[in-house]
Amino acid sequence: MKTVSPDNFISRLYRESSRISLQDFPVWALSLLRQNINFDGAIWGTGHISTKVFHTQTAIDISSDIFAQLKEYLAINPIFETLFSTQGGAVDMRDVIPDEQFYDSPLYHHCFKPFGIERILSSIHIDERSGIFTLLTLYRYNREDRFTIQEKNIQSRLLYHLISAASHRQRLALSEQEKGLNIHCCAICDCEGIYHSVDSSFLDILESHLQTPAMQKFPFPIAAHDNQFTEGGLQFNQTRLGDLYRISVRIKNQLDELTIREKQVVSGICKGGTFKQIARELELSPSTISNHLYRIYSKLGIHTRSELVLIANDCEFNAG
């Protein structure tokens with residue numbers, strides 16, 4: 001396996017991360033880490049210290065079922081207490097519990113042995129402001145292939161940069177344009193609504209329109225798929241990005257009352273299209289486009305194309 005120096009790893013991590021999608025970033029980063037520390041399998045998960053439950057789960061070359069096993073046997077896993085008390089530093093399981101005792105324990109036989117895990121090197125980071133913890137664990141399947149002190153030091157050093165680069169990638173995702181949407185105020189959160197990255201303007205809008213104080217958590221349930229919904233005069237758009245979600249918000253406007261088809265007609269009008277041109281693009285008849293436009297005028301209380309274009313411009317409607 002080709003290896004690179006930690007400095008080269010750090011350089012590539014920041015230099016190339018913008019070209020990797022947010023949902024692909026964890027697997028890409030772990031694959032890059034493998035060029036510094038040899039491992040057979042690895043997990044990268046995040047959660048909240050209040051529950052110590054994983055909200056995001058990335059596993060390479062090991063079943064993701066390992067996360068459920070870690071949760072089930074958390075109470076008897078001595079490495080977690082050590083990790084939370086020495087956060088940032090890599091901890092080898094054999095430094096916490098002697099090999100002879102570990103390999104004879106229920107923890108080994110029920111949690112790790114079913115996955116072929118023999119050697120464990122973990123590190124954890126806790127963001128004191130958000131309460132988000134990030135766990136990085138490397139596994140080896142050969143009991144004789146122990147992690148070295150040098151490898152522990154490398155993992156301790158590189159965990160900070162993995163988290164920093166992931167945070168940078170999340171901030172980039174806040175400003176990435178979604179097709180058909182003008183996005184100004186966004187947040188990146190996990191399945192429990194915990195913010196991983198958030199625009200201050202996003203929190204300002206929620207606080208001013210919902211009369212709720214800015215919190216570390218999105219105040220509405222997160223759907224398991226992309227969706228749009230309205231609350232308190234605000235229009236939300238949710239897009240799933242792997243284990244994370246990007247949520248945009250804006251003040252609801254007149255065009256939100258239109259159907260998807262009616263919005264497509266508005267888009268054609270804003271581009272200057274004729275009934276025939278819009279009908280051809282939408283595979284409808286010109287008379288159907290005329291009927292849609294009549295209903296649009298009725299809903300908006302207007303009578304001319306120029307009024308419609310003016311409203312679309314005021315609402316920052318994207319005609320692309």
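Every value quoted in this text rests on a predicted model; they were computed, and no experiment measured them.
In the displayed structure, Lys71 atom NZ is contacted under 6.0 Å by at most 12 heavy atoms of other residues, nucleotides or ligands. In this structure, Arg129 places its CZ atom where only 12 or fewer heavy-atom neighbours from other residues, nucleotides or ligands lie under 6.0 Å away. Within 6.0 Å of atom CD in Glu81, 12 or fewer heavy atoms from other residues, nucleotides or ligands are found, so the atom counts as exposed in its surroundings.
Under the 4.5 Å side-chain contact rule for hydrophobic residues, Phe115 and Leu138 do not share a cluster. Linking ILVMFWY side-chain heavy atoms closer than 4.5 Å, directly or via other members, places Leu13 and Leu136 in a single hydrophobic cluster. One hydrophobic cluster, built from ILVMFWY side chains closer than 4.5 Å, cannot hold both Tyr139 and Ile154; they sit in different ones. Connection of Ile205 to Tyr195 is established within a shared hydrophobic cluster, with ILVMFWY side chains joined at heavy-atom distances below 4.5 Å, either directly or through further cluster members. Grouping the Ile, Leu, Val, Met, Phe, Trp and Tyr side chains by contacts below 4.5 angstrom, directly or via other members, places Val53 apart from Leu74.
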Give the intermediate values and the outcome of salt bridge (Lys or Arg N to Asp or Glu O under 4.0 Å) for residues Arg169 and Asp24.
-> CA-CA 11 Å; Arg169 187 63 190 83; Asp24 293 335; over 6 Å; no

Please walk me through it: do Ser290 and Ser287 pass side-chain hydrogen bond (donor to acceptor under 3.5 Å, both in side chains)?
-> CA-CA 5 Å; Ser290 177; Ser287 62; over 6 Å; no

After noting the C-alpha distance and the side-chain angles of Gln216 and His48, does the key distance pass the side-chain contact (heavy atoms from CB on, under 4.5 Å) rule?
-> CA-CA 11 Å; Gln216 297 176 348; His48 199 269; 4.1 Å; yes

side-chain contact (heavy atoms from CB on, under 4.5 Å) assessment of Phe9 paired with Leu162 | CA-CA 10 Å; Phe9 166 83; Leu162 282 169; 3.7 Å; yes

Report the C-alpha separation of Asp40 and Arg140 in whole Å, then their side-chain angles, then the decisive distance to 0.1 Å, and conclude whether the salt bridge (Lys or Arg N to Asp or Glu O under 4.0 Å) test is met.
-> CA-CA 5 Å; Asp40 299 313; Arg140 284 178 177 165; 5.7 Å; no

I would like to know whether Ile60 and Phe39 meet side-chain contact (heavy atoms from CB on, under 4.5 Å); could you show each step before the answer?
-> CA-CA 10 Å; Ile60 63 172; Phe39 56 82; 3.7 Å; yes

Walk me through it: do Asp145 and Arg119 pass the test side-chain contact (heavy atoms from CB on, under 4.5 Å)?
-> CA-CA 8 Å; Asp145 190 10; Arg119 293 295 174 183; 5.7 Å; no

Verdict with supporting geometry, Asp190 and Lys217, salt bridge (Lys or Arg N to Asp or Glu O under 4.0 Å) = CA-CA 9 Å; Asp190 58 34; Lys217 184 177 180 180; over 6 Å; no

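Across every non-hydrogen atom of Phe54 and Phe133, the tightest pair is CE2-CE1, 3.9 Å. Contact record, Ala90 with Lys152: CB-O, 3.4 Å, taken as the closest heavy-atom pair. In terms of heavy atoms, Tyr108 sits closest to Ile117 at CE1-O, 3.5 Å. Minimum heavy-atom separation, Thr137 to Ser122: OG1-OG, 2.8 Å. A pairwise comparison of heavy atoms in Gln238 and Ala223 identifies NE2-O, 2.9 Å as the closest pair. The heavy-atom pair separating Phe147 from Asn38 by the smallest distance is CE2-O, 4.1 Å.
Side-chain atoms of Tyr297 and Thr304 include no donor-acceptor pair closer than 3.5 Å. Gln170 and Ser167 are not linked by any side-chain donor-acceptor pair at a separation below 3.5 angstrom, with hydrogens and angles left out of the test. Remark: the Thr46 side chain and the Thr56 side chain contain an N/O donor-acceptor pair separated by less than 3.5 Å. Checking Gln57 against Ser64 by side-chain atom types alone, no donor-acceptor pair falls below 3.5 Å. For the 3.5 Å distance criterion, the side chains of Asn8 and Ser5 qualify, holding a donor opposite an acceptor.
Proximity of Leu30 to Val27: side-chain heavy atoms (C-beta onward) are nowhere separated by under 4.5 Å. Looking at heavy atoms from C-beta onward, Arg146 lies out of side-chain contact with Glu118 at the 4.5 angstrom threshold. At least one side-chain heavy atom of Met93 sits less than 4.5 Å from a side-chain heavy atom of Asn77. By the 4.5 Å heavy-atom criterion applied to side chains, Leu22 and Ile188 are counted as neighbours. Under the 4.5 Å side-chain criterion, counting only non-hydrogen atoms from C-beta, Cys111 is in contact with Leu70. Residues Leu107 and Pro78 meet the side-chain proximity criterion, which asks for heavy atoms closer than 4.5 Å. Looking at Leu282 and Arg261, their side chains come closer than 4.5 Å, going by heavy atoms from C-beta outward. Contact annotation: the side chain of Val91 never approaches that of Ser123 to less than 4.5 Å [non-hydrogen atoms, C-beta and beyond].
Note that the CD atom of Gln264 and the CG atom of Leu284 stand 8.5 Å from one another [nearest 0.5 Å]. How far CD1 of Ile132 is from CD of Glu128: 13.5 Å, rounded to the nearest 0.5 Å. Note that the CD atom of Glu231 and the CG atom of Leu210 stand 7.5 Å from one another [nearest 0.5 Å]. A distance of 8.0 Å separates CG in Asp204 from SG in Cys185, rounded to the nearest 0.5 Å. In this structure, OG in Ser156 is found 8.0 Å from CG in Leu159, a value given to the nearest 0.5 Å. Put simply, CG on Asn237 and CD1 on Ile247 are 9.5 Å apart, with the number rounded to the nearest 0.5 Å.
The existence of a salt bridge linking Asp199 and Arg171 is excluded, since no basic side-chain nitrogen approaches an acidic carboxylate oxygen closer than 4.0 Å. Lys299 and Glu262 are joined by a salt bridge, as a carboxylate oxygen and a charged side-chain nitrogen come within less than 4.0 angstrom of each other.
A donor-acceptor contact shorter than 3.5 Å is absent between the side chain of Ser164 and the backbone of His161. Under the 3.5 Å distance criterion, the side-chain polar atoms of Glu281 are left unmatched by any main-chain donor or acceptor of Gln277.
Cation-pi geometry between Arg143 and Tyr103 is met: the NZ or CZ atom falls under 6.0 Å from the ring centre, inside 45° of the normal.
Taking the six-membered ring for Trp and the full ring otherwise, Phe218 and Phe220 have centroids separated by under 6.0 Å.
Ring geometry for Phe229 versus Phe236: interplanar angle under 30°, hence parallel rather than tilted (30 to 60°).
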